[in-house]
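To start, the structure itself, in structure tokens.
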Amino acid sequence: MSTPAIPRRQRRHDPGRRDRLIDAALTVIAERGVAGTTHREIARAADVPLGSMTYHFASLEEVLAEAFTRHADAVARVFDERLSAARDRDEAVEAVITLVADDLLGSRHDLVLTAELYVAAARNPALLAVTQAWMARSRQALERHFDATTARELDALIEGLTLHSALSTDPMTPEQIRHAIHRYLR
């Protein structure tokens with residue numbers, strides 16, 4: 001007597017699952033912080049089985065690096081677009097002001113992700129590599145209009161203005177941001 005064959009479940013074709021997991025990781029990081037980000041929470045947010053995490057990623061560190069790289073790339077793209085559109089130094093200065101006042105301070109979600117990346121990168125060399133690549137790309141965009149030394153210093157000023165405004169109970173106004181950037185670039 002043979003045992004009846006168990007019907008095989010049809011395999012679900014889901015080519016975008018890995019990308020959804022990375023996006024879900026960014027959502028979880030923004031909601032719970034890096035410390036509260038787990039395989040289980042990411043899978044839940046992506047609405048996929050927990051096993052998908054270990055199928056697509058070797059470790060949670062790999063997921064975090066991929067997620068933060070995606071975030072850094074998105075912000076760097078905005079940097080590139082703003083500075084590429086500038087035709088001269090004056091327009092580049094205005095692009096930097098708009099970048100800080102509107103783009104970088106415009107999304108609480110992105111600000112939280114950036115702050116989480118900075119803190120995590122201070123402890124994790126893989127994430128430090130993400131921040132280094134991001135800074136290099138930012139400086140490269142700035143170097144279209146400013147010398148290398150000025151670009152590096154301006155990049156640090158941009159980060160400082162953004163974090164200071166994001167974390168302050170009395171954030172700088174767009175006009176104060178404009179004044180600070182103009183004052184530095186005199």
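Remember, it's a predicted structure, so these values are computed and weren't measured experimentally. We use all heavy atoms of the structure for the numbers below, so side chains are in, but hydrogens, waters and symmetry mates are not.
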Would you name the heavy atoms of Pro171 and Gln176 that are closest together and state the gap between them?
-> O-OE1, 4.2 Å

Are the side chain of Ser165 and the backbone N or O of Thr162 linked by a donor-acceptor pair below 3.5 Å?
-> no

State plainly whether one hydrophobic cluster holds both Val100 and Leu111, where clusters connect Ile, Leu, Val, Met, Phe, Trp and Tyr through side-chain heavy atoms under 4.5 angstrom apart.
-> yes

Check whether any side-chain N or O of Glu91 sits under 3.5 Å from a backbone N or O of Arg87 as a donor-acceptor pair, and report yes or no.
-> yes

With rounding to the nearest 0.5 Å, note down the distance linking CG in Asp103 to CZ in Phe79.
-> 9.5 Å

pair Leu21-Val63: side-chain heavy atoms closer than 4.5 Å = no

Nearest 0.5 Å please: distance from the CG atom of Leu113 over to the OG atom of Ser107.
-> 8.0 Å

For Ala166 and Arg108, work out which heavy atoms get closest and say how close.
-> O-NH1, 3.3 Å

Here the gap from Ile97 atom CD1 to Leu185 atom CG, rounded to the nearest 0.5 Å, amounts to 8.0 Å

Shared hydrophobic cluster for Tyr184 and Leu104 (ILVMFWY, side-chain gaps under 4.5 Å) = yes

Please indicate whether Arg44 has more than 12 foreign heavy atoms, meaning atoms of other residues, nucleotides or ligands, lying under 6.0 Å from its CZ.
-> yes

Test log, rule side-chain contact (heavy atoms from CB on, under 4.5 Å), inputs Arg70 and Asp19 = CA-CA 10 Å; Arg70 180 168 292 179; Asp19 282 334; 2.7 Å; yes

Please say whether more than 12 non-hydrogen atoms of neighbouring residues, nucleotides or ligands are located less than 6.0 Å from CZ in Arg152.
-> no

Applying salt bridge (charged side-chain N to carboxylate O under 4.0 Å, His left out), run through Arg18 and Glu62 and close with a yes or a no.
-> CA-CA 12 Å; Arg18 188 173 195 283; Glu62 180 184 351; 3.6 Å; yes

Would the number of heavy atoms belonging to other residues, nucleotides or ligands and lying under 6.0 Å from NE2 of His164 be above 12?
-> no

Please tell me if the side chains of Glu66 and Phe57 come closer than 4.5 Å, counting only heavy atoms from C-beta onward.
-> yes

State plainly whether one hydrophobic cluster holds both Leu157 and Leu99, where clusters connect Ile, Leu, Val, Met, Phe, Trp and Tyr through side-chain heavy atoms under 4.5 angstrom apart.
-> yes

Which heavy atom of Glu61 sits nearest a heavy atom of Ala126, and at what distance?
-> OE2-CB, 3.8 Å

For the side chain of Thr98 and the backbone of Ala95, is there at least one donor-acceptor N/O pair under 3.5 Å apart?
-> no

When rounded to the nearest 0.5 angstrom, what distance separates CG in Asp23 from CD1 in Ile42?
-> 11.5 Å

Using atom types as modelled and distance alone, determine if a side-chain donor or acceptor of Arg82 lies under 3.5 Å from a backbone N or O of Arg77.
-> no

Across all chains, not counting sequence neighbours, the salt bridge (charged side-chain N to carboxylate O under 4.0 Å, His left out) partners of Arg89 are none

Below 4.5 Å, heavy atoms only, C-beta onward: do Asp80 and Arg144 meet side chain to side chain?
-> yes

By salt bridge (charged side-chain N to carboxylate O under 4.0 Å, His left out) - contacts of Glu94 (at least two apart) = Arg178

Min side-chain heavy-atom separation Met53-Val48 under 4.5 Å | no

Shortest non-hydrogen separation from Leu127 to Ala120 and the atoms involved = CD1-CB, 3.5 Å

Between Val112 and Ala30, what is the shortest heavy-atom contact and its length?
-> CG1-O, 3.6 Å

Going from NE2 on His71 to CG on Leu117, what distance comes out if it is rounded to the nearest 0.5 angstrom?
-> 6.5 Å

Is there side-chain contact between Leu105 and Ile177, with heavy atoms separated by less than 4.5 Å?
-> yes

Should Val78 and Trp134 be counted in the same cluster of Ile, Leu, Val, Met, Phe, Trp and Tyr side chains packed under 4.5 Å apart?
-> yes

For Asp147 and Thr150, the nearest pair of non-hydrogen atoms, with its separation, is OD2-OG1, 2.8 Å

Min side-chain heavy-atom separation Arg17-Tyr55 under 4.5 Å | no

Are side-chain heavy atoms of Val130 and Leu64 found at a separation under 4.5 Å?
-> no

Is there side-chain contact between Thr38 and Val28, with heavy atoms separated by less than 4.5 Å?
-> no

Working to the nearest 0.5 Å, report the span between NE2 of His109 and OG1 of Thr114.
-> 10.0 Å

CA sep, side-chain torsions, deciding dist, call: Asp155, Phe146, side-chain contact (heavy atoms from CB on, under 4.5 Å) = CA-CA 11 Å; Asp155 189 37; Phe146 308 100; over 6 Å; no

